[in-house]
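Data block below; observations after.
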Amino acid sequence: MYKNNTNNKEDQVFEQILNYDCLKSADIIEVTGSERMGYLYLKRWVEEGKVKRYPFNLYSPIDPVLAKPRVSLLEAVCHLDEYTYLCEFTAAKFHGLNVPKDDCVYLASKKRFRELVFDGWTIKYKRYSIQEDCVVSGYARYSTYTQTVIDLINAFPKGMSWDAFLVFLSSVKVIKTHHVISILKGIENRNLNKKIGWLTDTGLLEVDNPDELVKYCIVHISRTKLILSQMSQELSVYDEKWRLMSPMC
């Protein structure tokens with residue numbers, strides 16, 4: 001696919017670039033030893049289809065055999081920095097959870113960035129708040145199963161209708177109570193504790209020790225009423241124990 005002219009400086013540099021799967025412009029400058037030539041080569045390689053350009057000045061060489069980038073968009077954006085990870089709806093898809101389909105990539109990062117669109121995908125910034133080590137699969141990094149479930153419950157009703165939320169919950173496997181409590185302690189959100197406690201108490205969320213989780217949550221909830229989902233009063237019920245208004249299940 002590519003000419004192999006070792007007498008050509010640019011070709012020699014590109015042969016070195018093929019050793020990378022995902023790289024930043026700084027990596028190319030390091031290989032070339034020149035910022036000007038590095039950016040000149042990079043611009044030309046992108047135009048010629050030898051390198052795929054991703055957001056955040058991330059790049060991936062096009063594999064000469066497979067004729068496609070070494071890493072995908074979801075894998076590339078995880079290299080924004082060493083802490084960046086995929087979360088919420090994007091992580092849910094890696095875990096096989098049933099969530100609504102959309103054209104967004106949810107990316108948690110310590111580096112704040114503006115929402116951007118790339119190749120039909122909207123990349124949305126999420127605040128870095130992970131409580132457990134990420135799952136690493138290939139070049140992708142994403143929140144753990146339990147962390148992802150809790151993050152989606154915390155975000156509800158954004159991104160999901162009540163019916164979609166129930167479908168999501170029905171796809172959640174039994175999770176470990178001590179993992180849930182550890183994450184809740186790290187987040188310190190009393191409304192989230194209320195959601196988790198109520199969902200566990202009603203059986204919509206399955207954990208291995210529901211009594212322990214309910215006991216923890218009931219002590220750490222807000223005292224104000226929480227409306228779980230905006231629906232008409234006729235379709236909602238109030239749970240005095242949890243001070244929570246929810247649609248009828």
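This structure is a prediction, so every number in the text was calculated from the model and none was measured.
H79 has its ring centre no less than 6.0 Å from the ring centre of F56.
Side chains of Y139 and D21: a donor-acceptor N/O pair is present below 3.5 angstrom, by distance only. The closest side-chain donor-acceptor pair between T177 and E212, if any, does not fall under 3.5 angstrom.
In this structure, Y83 places its OH atom where only 12 or fewer heavy-atom neighbours from other residues, nucleotides or ligands lie under 6.0 Å away. A 6.0 Å sphere centred on CD of Q16 holds more than 12 heavy atoms belonging to other residues, nucleotides or ligands.
Nearest heavy-atom pair across P100 and G159 is CG-O, 3.8 Å. Contact between Y238 and E240 at its shortest, heavy atoms only, is CE2-OE1, 3.1 Å. Residues Y54 and A76 come closest through the heavy atom pair CD1-CB, 3.4 Å. Across all their heavy atoms, K225 and M245 have their closest contact at NZ-CE, 4.1 Å. Residues S25 and L42 share a closest heavy-atom pair of CB-CD2, 4.2 Å. For the residue pair N193 and W242, the shortest heavy atom distance occurs at O-CZ3, 4.5 Å.
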*Any chance you could lay out the side chain to side chain contact (heavy atoms under 4.5 Å, CB included) test for E132 and I150, step after step, and finish with the verdict?*
CA-CA 12 Å; E132 293 190 325; I150 291 178; over 6 Å; no

*Start with the C-alpha distance between V237 and S246, add both sets of side-chain angles, then the distance that settles side chain to side chain contact (heavy atoms under 4.5 Å, CB included), and finish with yes or no.*
CA-CA 6 Å; V237 292; S246 68; 3.8 Å; yes

*Could you walk me through whether Y145 and K173 pass the side chain to side chain contact (heavy atoms under 4.5 Å, CB included) test, one step at a time?*
CA-CA 9 Å; Y145 190 89; K173 301 174 183 177; 3.6 Å; yes

*Just do the side chain to side chain contact (heavy atoms under 4.5 Å, CB included) check on V180 and V149 with the steps written out, would you?*
CA-CA 10 Å; V180 177; V149 170; over 6 Å; no

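K195 places a side-chain N or O within donor-acceptor distance of the main-chain N or O of N154, the cut-off being under 3.5 Å. No donor-acceptor distance shorter than 3.5 angstrom exists from the side chain of T148 to the backbone of A92, with no hydrogens or angles considered. Panel note: side chain H95, backbone S143; a donor-acceptor pair is recorded below 3.5 Å. Without hydrogens or angle criteria, K194 side chain to N189 main chain gives no donor-acceptor distance under 3.5 Å.
For the pair T90/Y142, no side-chain contact is recorded, criterion being any heavy-atom separation below 4.5 Å from C-beta on. For the pair I153/F168, a side-chain contact is recorded, criterion being any heavy-atom separation below 4.5 Å from C-beta on. In this structure, W45 and P61 have side chains that are not in contact, with every pair of non-hydrogen atoms separated by 4.5 Å or more. For the pair K241/I218, a side-chain contact is recorded, criterion being any heavy-atom separation below 4.5 Å from C-beta on. The side-chain heavy atoms of V77 and T84, taken from C-beta on, include no pair separated by under 4.5 Å. Side chains of P55 and L73 form a contact here, defined as non-hydrogen atoms less than 4.5 Å apart. Side-chain contact between I62 and K52 is present, with heavy atoms from C-beta onward closer than 4.5 Å. Contact of the L18 side chain with the R70 side chain is registered, since non-hydrogen atoms from C-beta on lie closer than 4.5 Å.
Note: the hydrophobic cluster containing L205 also contains L166 (ILVMFWY, side chain heavy atoms under 4.5 Å, direct or indirect links). Transitive grouping of hydrophobic side chains (ILVMFWY, heavy atoms separated by less than 4.5 Å) keeps Y39 and Y59 in distinct clusters. Residue F156 is grouped with residue L184 when hydrophobic side chains (ILVMFWY) are merged at heavy-atom distances under 4.5 angstrom, including chains of intermediate members. At a threshold of 4.5 Å between side-chain heavy atoms, the hydrophobic network of Ile, Leu, Val, Met, Phe, Trp and Tyr places I29 and V51 in two separate groups. V136 and V71 are not part of a single hydrophobic cluster, where members link through side-chain heavy atoms under 4.5 Å apart.
The pair K124-D102 does not count as a salt bridge, with every side-chain nitrogen at least 4.0 angstrom from each carboxylate oxygen. In this structure, K68 does not pair ionically with D63, as no charged nitrogen and carboxylate oxygen lie closer than 4.0 Å. Ionic pairing of D81 and K110 is not present here: no N-O contact between side-chain nitrogen and carboxylate oxygen is shorter than 4.0 angstrom.
With a 6.0 Å cutoff to the six-membered ring centre and a 45° limit on the axis angle, K50 counts as a cation-pi contact of F14.
To the nearest 0.5 Å, the span separating CD1 on I196 from CG on L204 amounts to 11.5 Å. With values rounded to the nearest 0.5 angstrom, I187 atom CD1 is found 6.0 Å from D151 atom CG. The structure places CG of D239 at 6.5 Å from CG of L244, a figure rounded to the nearest 0.5 Å. Distance check, rounded to the nearest 0.5 Å: CG of N57 to CG of L23 gives 11.0 Å. Atom CZ of residue F94 and atom OG1 of residue T144 lie 14.0 Å apart, to the nearest 0.5 angstrom. If you take CD1 on I227 and OG on S236, they are separated by 8.0 Å, rounding to the nearest 0.5 Å.
Taking the six-membered ring where tryptophan is involved, the planes of F165 and W162 are tilted, since the angle between them lies from 30° to 60°. Classification of the Y106-F89 ring pair by plane angle, with boundaries at 30° and 60°, yields tilted. A perpendicular orientation is assigned to the rings of Y128 and Y85, their planes being inclined by more than 60° (bins at 30° and 60°).
By the side-chain contact (heavy atoms from CB on, under 4.5 Å) test, R114 pairs with no residue at all, sequence neighbours left out.
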